[in-house]
Amino acid sequence: MDSTGTESSAGTGTEKGKAAVSLTKATPAPTPASTPAPTTAEAPDIQSHDTFVIKKKLSLTAGEYVVSVARPDGSEGEPVAYAREKRLSLRGQVTVYTDASRKSVLAAFKGRDHEVGYMYDVRDASGQSFGSFYEDAGGSFLRRTWQVRQPGTMKLTGRERSRVVAFVRFVWEFVPYLEYVPFIWPYRFEYTESGKPLMTVTKKLGLHTRYVLEILAPDIDRRLAIAHTLALDALEVD
């Protein structure tokens, strides 16, 4: 359920034509024979899908994520991406891989100093940037607000839907030790451009961290959308 108590249905909407997004080929730098280098691979067929389920598994040193295509009933279907977030990273650093072997990079992001605070550039395996996002400090006073940029295509503003849940989450972070406890109540971010809804990210109710990413515009790069969804979780504990 979302923050309003309404069950979010996955995979709804009419079929749209979508152009497949491929990663740029790159030659990996030489590494010792004992350590296989991450390689660039053709992106999985993610651009033709609208809804994804992101599940997180916790460990002491890292957060591990599995991104799956959502089935019509909302359950996880085929895995299309894996990610590992270094929990001790001060600026948030996440690499997204095409499979569990972690040999082929789908996308990666890392924070850098910027006039808006931290800017997170999203890059492919060759290091080419294809999008960015940052938290809007001014807009986040009452409800967390993010700006997501896809050059030449999209300028999305993402904001928490419920002011009440946003306030509870804000207070939660200042209670001693609670910042290390997952926030189990559901919440939803809605992303718009000029008031038009183009994407949603819904945190589902439960002790296990689970998100549903629903994309309503065919030209949003799924890699950017997935990377940003992971950031919503990974940057909570940084």
Side-chain angles (χ1 to χ4, degrees), residues 10 23 28 31 34-46 49 51-71 74-111 118 120-125 127 130-131 133 135 146 148 169 172-173 177-189 201-215 221-238:
L23 296 175
T31 57
S34 59
T35 307
T39 59
T40 309
E42 293 299 318
D45 182 24
I46 59 175
H49 297 285
T51 310
F52 301 88
V53 178
I54 295 94
K55 292 184 68 175
K56 181 180 182 181
K57 177 182 178 182
L58 285 174
S59 69
L60 292 177
T61 59
E64 297 184 355
Y65 302 87
V66 178
V67 182
S68 304
V69 174
R71 294 192 177 103
S75 61
E76 299 103 68
E78 176 190 5
V80 292
Y82 296 78
R84 184 177 178 86
E85 171 252 342
K86 297 178 181 178
R87 294 175 62 83
L88 300 181
S89 172
L90 295 179
R91 298 192 180 190
Q93 181 175 355
V94 174
T95 301
V96 187
Y97 300 92
T98 59
D99 56 46
S101 70
R102 293 190 291 165
K103 293 181 180 179
S104 299
V105 174
L106 181 68
F109 68 83
K110 182 180 181 180
Y118 280 149
Y120 297 88
D121 297 304
V122 186
R123 303 179 184 275
D124 62 19
F130 58 87
F133 54 84
E135 186 170 4
W146 289 84
V148 182
R169 292 212 310 135
W172 184 279
E173 294 181 356
Y177 305 109
L178 275 185
E179 68 266 28
Y180 301 107
V181 178
F183 187 78
I184 65 173
W185 195 256
Y187 55 86
R188 179 195 294 254
F189 278 83
V201 176
T202 304
K203 168 73 162 55
K204 307 301 286 186
L205 176 66
L207 294 174
H208 299 289
T209 303
R210 183 172 177 266
Y211 298 86
V212 173
L213 164 63
E214 188 169 9
I215 302 171
D221 193 320
R222 272 51 175 166
R223 299 171 300 170
L224 175 59
I226 289 171
H228 176 65
T229 303
L230 295 173
L232 290 178
D233 185 86
L235 301 181
E236 287 283 316
V237 294
D238 283 344

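Values reported hereafter were calculated over all heavy atoms of this structure, with side chains retained and with hydrogens, waters and symmetry mates removed.
Looking only at side-chain heavy atoms (C-beta outward), Trp146 and Val201 stay at 4.5 Å or farther from each other. For the pair Arg71 and Thr51, the minimum side-chain heavy-atom distance is 4.5 Å or more.
Listed for the Arg102 side chain is no donor-acceptor partner under 3.5 Å among the backbone atoms of Tyr97.
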Residue pair Phe52, Ile46: steps toward the side-chain contact (heavy atoms from CB on, under 4.5 Å) verdict: CA-CA 9 Å; Phe52 301 88; Ile46 59 175; 4.2 Å; yes

Please determine whether ring pair (Phe, Tyr, Trp, His ring centres under 6.0 Å) holds for the pair Phe133 and Tyr120, giving the CA-CA distance in whole Å, both sets of side-chain angles, and the decisive distance to 0.1 Å. CA-CA 5 Å; Phe133 54 84; Tyr120 297 88; 5.4 Å; yes

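Geometric assessment of Arg223 against the ring of Phe130 yields a positive cation-pi assignment under the 6.0 Å and 45° thresholds.
Taking NZ from Lys203 and CG from Leu232, the interatomic distance works out to 11.5 Å, rounded to the nearest 0.5 Å. Rounded to the nearest 0.5 Å, atoms CD (Glu78) and CG (Asp45) are 8.5 Å apart. Atom-to-atom distance recorded for Ile54:CD1 and Asp233:CG is 10.0 Å, nearest 0.5 angstrom. Of the inter-residue distances, the one linking Leu213 atom CG with Leu230 atom CG reads 9.5 Å to the nearest 0.5 angstrom. The OG1 atom of Thr95 lies 12.5 Å from the CZ atom of Arg123; values are rounded to the nearest 0.5 Å. In this structure, CD in Glu64 is found 4.5 Å from CZ in Arg84, a value given to the nearest 0.5 Å.
Residues satisfying the side chain to side chain contact (heavy atoms under 4.5 Å, CB included) criterion with Ser68, sequence neighbours excluded, are Val66, Glu76, Pro79.
Residues Val53 and Gly74 approach most closely at CG2-O, 3.8 Å, considering heavy atoms.
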